[in-house]
Participant: 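Just dropping this structure here.
Just so it is clear, the values below take in all heavy atoms, side chains as well, and ignore hydrogens, waters and symmetry mates. Sequence lines set the chain letters: A, B, ... in the order given, protein chains first and strands last, and positions in each chain run from 1.
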2 protein chains.
Amino acid sequence: MTAHQRHLDEAPELGELPSIFGLLLRLAQVRHYDRFFAAFEGTDVRPGEMTLLWLLDLNPGIRQGVAARTLLIKPAHMTKVVQRLIDAGLVSRLVPQGDRRSVTLNLTDAGRAHLARHRETFLGVSSADSIGLAQDEYDTLLALLRKLAF
Amino acid sequence: MTAHQRHLDEAPELGELPSIFGLLLRLAQVRHYDRFFAAFEGTDVRPGEMTLLWLLDLNPGIRQGVAARTLLIKPAHMTKVVQRLIDAGLVSRLVPQGDRRSVTLNLTDAGRAHLARHRETFLGVSSADSIGLAQDEYDTLLALLRKLAF
DNA sequence: CACAGATAGTATACACAGAAACTATCTCTG
DNA sequence: CAGAGATAGTTTCTGTGTATACTATCTGTG
């Protein structure tokens, strides 16, 4: 079988599927993850961790639960993500005086260094160019997604 | 603490995060999943299964691997999804004459009935209105996502 | 100030998705 | 036409995220 014939075989009828919002979101996300992991190949940096470090850099001492709600991460999962970052020496946990049920988070020096080291790559993955859209299309897309996300 | 004060507590500084494409995609998807499961509450219908059934309806006898590549589902996972649908009586598997390594898929009568029963709800979840955008914004968003997805 | 209920986070158990290795079949080349 | 390599799908193992239930702490009301 030639490549061309195989291509024909693999072009099934899609009907209205390309207008199903949930499918499009998922497909776009899968492709974006591929880009992310290609850019961070060999570094074991993960998208969610990178985002959390970023948030902690902007909000030193933020409560763990507030970070979780902001990033739509479930509390049970946040516990594990934070534990990983603490094990990696990037984040520190502190139980504040006022409310000893809660936990506040801070970057360590190593965490700040880690963030600085990967900042450009992280931003680069999220650029119109790497995503394959014209700048104005990209701006429109981000504005629309922002309406849905926040 | 009043609701208003709590709201203030929970508005951390976000910096450039709302321009991080990957984060926006994920947040939008999490919110969309919530809508989906709210609409299908009590039915145990899942988004991925619904999409696969739809694809099978349009392409009777499609090869399992072709379906997997079309929907960006990994082969190992597709095996399990198909098995679930077969157990539910919605899909049938057939090993074709020409290539006995492969497997072709078809909807059963029950599968077609299932699809028909949930079709409107499925489309409804994926409408400008339920997503909370104006129709023209929604059309733009879909067109842009389609560029990324296919 | 005691205690009922709310809240913050954690632990346990499970579901969903992927990677790698395996089996069966097919194809192509010598 | 035999055997090496490619291909289709499955199995096994692992990781990521969720639901549920639990512990610790706090708050508000009597």
Participant: NA contact type, Arg26(A), heavy-atom cut-off 4.0 Å: base, sugar-phosphate, or nothing?
Facilitator: nothing
Participant: In whole Å, I'd like the distance from the CD atom of Glu49(A) to the C1' atom of dG17(D).
Facilitator: 14 Å
Participant: Looking only at N and O atoms, is any donor in the side chain of Arg101(B) or the base of dT7(D) less than 3.5 Å from an acceptor on the other one?
Facilitator: yes
Participant: Starting at atom CG of Leu71(A), determine the distance to atom P of dT18(D), rounded to an integer number of angstrom.
Facilitator: 12 Å
Participant: If only atom types and distance count, is the side chain of Arg93(A) paired as donor or acceptor with the main-chain N or O of Gln64(A) below 3.5 Å?
Facilitator: no
Participant: Pick the closest DNA chain C nucleotide for Val103(A) and for Ala76(B) by heavy atoms, then say which residue is nearer the 5' end.
Facilitator: Val103(A)
Participant: Touch check for Thr79(B), heavy atoms < 4.0 angstrom, all strands: base, sugar-phosphate only, or nothing?
Facilitator: base
Participant: Let me spell it out: for each of Arg100(A) and Lys80(A), pick the nucleotide of DNA chain D with the closest heavy atom. Which residue's pick is nearer the 5' end?
Facilitator: Lys80(A)
Participant: How would you label the contact of Arg84(B) with the nucleic acid (heavy atoms, under 4.0 Å): base, sugar-phosphate, or nothing?
Facilitator: nothing
Participant: Atom CD of Gln83(B) to atom P of dA8(D): distance rounded to whole Å?
Facilitator: 20 Å
Participant: Taking for each residue the nucleotide of DNA chain C bearing the nearest heavy atom, is the 5' side occupied by Asp99(A) or by Val30(A)?
Facilitator: Asp99(A)
Participant: Below 30° counts as parallel, above 60° as perpendicular, anything between as tilted: where do the rings of Phe21(A) and His32(B) land?
Facilitator: perpendicular
Participant: When the nearest nucleotide of DNA chain D is assigned to Gln97(A) and to Pro75(B) on a heavy-atom basis, which residue is associated with the more 5' position?
Facilitator: Pro75(B)
Participant: Quick one: His77(A) NE2 to dC16(C) C1', roughly how many Å, whole number?
Facilitator: 13 Å
Participant: When the distance from CG of Leu52(A) to C1' of dT16(D) is rounded to whole Å, what number comes out?
Facilitator: 15 Å
Participant: Take atom CZ of Arg63(B) and atom P of dT10(D), then tell me their distance rounded to the nearest Å.
Facilitator: 12 Å
Participant: Specify whether Trp54(A) and Phe122(A) have parallel, tilted or perpendicular ring planes, treating 30° as the upper limit for parallel and 60° as the lower limit for perpendicular.
Facilitator: tilted
Participant: Categorize Arg46(A) for me: base, sugar-phosphate, or nothing, with a 4.0 angstrom heavy-atom threshold over every strand shown.
Facilitator: sugar-phosphate
Participant: Do you know the tightest heavy-atom contact between Arg31(B) and Leu148(A)?
Facilitator: CD-O, 3.1 Å
Participant: CD1 of Ile62(B) versus P of dG9(D): gap in Å, rounded?
Facilitator: 11 Å
Participant: Please report, rounded to the nearest Å, how far the P atom of dG18(C) is from the CZ atom of Phe37(A).
Facilitator: 11 Å
Participant: Between Asp87(A) and Arg84(A), is a salt bridge (charged side-chain N to carboxylate O under 4.0 Å, His left out) present by the stated rule, with each step listed?
Facilitator: CA-CA 5 Å; Asp87(A) 292 346; Arg84(A) 251 187 68 94; over 6 Å; no
Participant: When you check the phosphate oxygens OP1 and OP2 of dT10(C), does a side-chain N or O of Arg93(A) lie under 4.0 Å from one of them?
Facilitator: yes
